[in-house]
There are 2 protein chains.
Amino acid sequence: MPSDRKPYHRADEDTRRQALINATLALVAEGGAQAATVRAIAHKAGVTSGLIRHYFSSKDHLMAAAYAHLMHRMTAHSAAVLRTAPHDPKARLAAFVTAALSPPVVDGEALVLWAAFLQETHRDPAMRQTHAQTYLAFRDQLQSLIADLLGHSDAQALRRLAIACNAVIDGLWMEGCALPNAFAPEELVDLGLRAVGAILGTDLTGGLLQTSPLPLTTNMEVQA
Amino acid sequence: MPSDRKPYHRADEDTRRQALINATLALVAEGGAQAATVRAIAHKAGVTSGLIRHYFSSKDHLMAAAYAHLMHRMTAHSAAVLRTAPHDPKARLAAFVTAALSPPVVDGEALVLWAAFLQETHRDPAMRQTHAQTYLAFRDQLQSLIADLLGHSDAQALRRLAIACNAVIDGLWMEGCALPNAFAPEELVDLGLRAVGAILGTDLTGGLLQTSPLPLTTNMEVQA
DNA sequence: GGCCTTATTATGCGGTTGGATAATTGATAG
DNA sequence: CTATCAATTATCCAACCGCATAATAAGGCC
């Protein structure tokens, strides 16, 4: 008698885990967390649902792994940019801002993914830890770049400047993700560099577009 | 024979609809969209689940109504602040920024609610329209305040300044909602006023804390 | 080429979901 | 006081959820 059982091939553990994680992220991006059911994930990964529990002890663990992978992808991108950036503090900060406001960080799916997992971080402690680590790592990196640029170390002032610059980047990131067609190419980066530059009282655009010297007495910090 | 049926009282249509909407928002804030099941909503509203379909043609319609109510609450707050604000353009913009970065707009529940509904706006056309209307209305209001302050009408430059200032406000709003304990009272407002002021080349803090005159040649616009 | 491990499929279960429908009861009008 | 109507409750249903377990075959080993 012929078997109607689905044929299959055995795959590496890493391959399968990654396929399941990718399927999870794709489904969450498409239809929110509620769309990422075990059956839908398995189907998109080309396997049957039972396999999920063979590689992840529960669906929550798969979700946590997918979130960690997403966050790691973003932070790894920032780190890679800084690793290949020049030594000039101004250029380094500009490269950092540019990377944070360009693909693949700015992406139509990114915001939805971030929003979908935000709620999960409220319950799952592991995901909450991933969230806090990623967020503070980004802001600390930004703060150290600002410190290098301004050349001093008033911790309180640096913290405030980092918060403000981080807010600009986050806000532009949100707008760029939510309304990808509303901005010309590179417009988001240009806006980010100018806004961060205005807050810090510096010009980050590389001087190419600068029309007048920038007195350094008008940054946010000096106003305080 | 005694009836074990739950006693009840009849209520106004508006009262019931509002109770169901409030219950929905509360549940979404607590546990994300997945926690807002028809049974949970009905229970929190003190009715039985069948009543939901008596007032809303489907659960999706209830979700859309809840989202519209949430957005209306926020925009109404901004509008009310502007209505009672003084006539000085600088003071009006400062009041607008202050309101956007203070309770009840900045609230521990607000971000989770916003994130939860963001995904729904991708599918439901009605919710997408609510989303776009609210977002653009806020930015347009901000842009007109900036226009009044700067006293000119270069549309392209105004749009860019509005986008940047909106990004600051959004970013600080996110941080304030996500990490309510990370900021001292009024710190968020202070940061917002200074950052927006730096971008526009103006001082919005009312001069109380200003230590030096602010040349107007360093705003984001002039750099371009 | 047969065997053995285990990755993978297949099937079933208890619980929950959104929705439909029937039964009941509170308010109102006459 | 009673009839009427609709607001509300109660019950049911098919579909789906995550998860557990049993059956099966793919691929490495000798």
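So that the names make sense, note that chain A is the first sequence line, chain B the second, and so on, each numbered from 1.
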DNA chain C: 5'-proximal contact among P7(B) and H9(A) (nearest heavy atom): H9(A)
Interatomic distance, E13(B) CD vs dA7(D) P [rounded to whole Å]: 8 Å
Between C1' of dT16(C) and CD1 of I41(B), the distance in whole Å: 14 Å
Nearest-neighbour nucleotide for the R10(A) side chain, dA25(D), dT17(C), dT9(D) considered: dA25(D)
Side chain to side chain contact (heavy atoms under 4.5 Å, CB included) involving L142(A) - partner list, sequence neighbours excluded: L93(A), F96(A), I146(A), C165(A), N166(A), I169(A)
Whole angstrom value for the distance that separates C1' of dT8(C) from CG of D12(A): 15 Å
side-chain contact (heavy atoms from CB on, under 4.5 Å), paired with F183(A), selected from V106(A), L188(A), L172(A), V189(A): L188(A)
Check ion pair E120(B)-R123(B) (N to O, under 4.0 angstrom): yes
Rounded distance in Å - CG (L20(B)) to C1' (dA7(D)): 13 Å
Stretch residues 42-65 of chain A: residues that reach within less than 4.0 Å of DNA chain C through a heavy atom: V47(A), T48(A), G50(A), L51(A), H54(A), Y55(A)
Nucleotide nearest R5(A) (side chain, heavy atoms from C-beta), chosen from dT9(D), dG19(C), dA23(D): dA23(D)
Polar side-chain atom of D124(A) near backbone of A126(A) as donor-acceptor pair, under 3.5 Å: yes
Any residue meeting side chain to side chain contact (heavy atoms under 4.5 Å, CB included) with R92(B), in chain and number order, not counting sequence neighbours: L82(B), A85(B), L145(B)
Mutual orientation of the aromatic rings belonging to W173(A) and W114(A) [parallel < 30°, tilted 30-60°, perpendicular > 60°]: perpendicular
Sugar-phosphate, base or nothing in reach of R39(B), heavy atoms under 4.0 Å: base
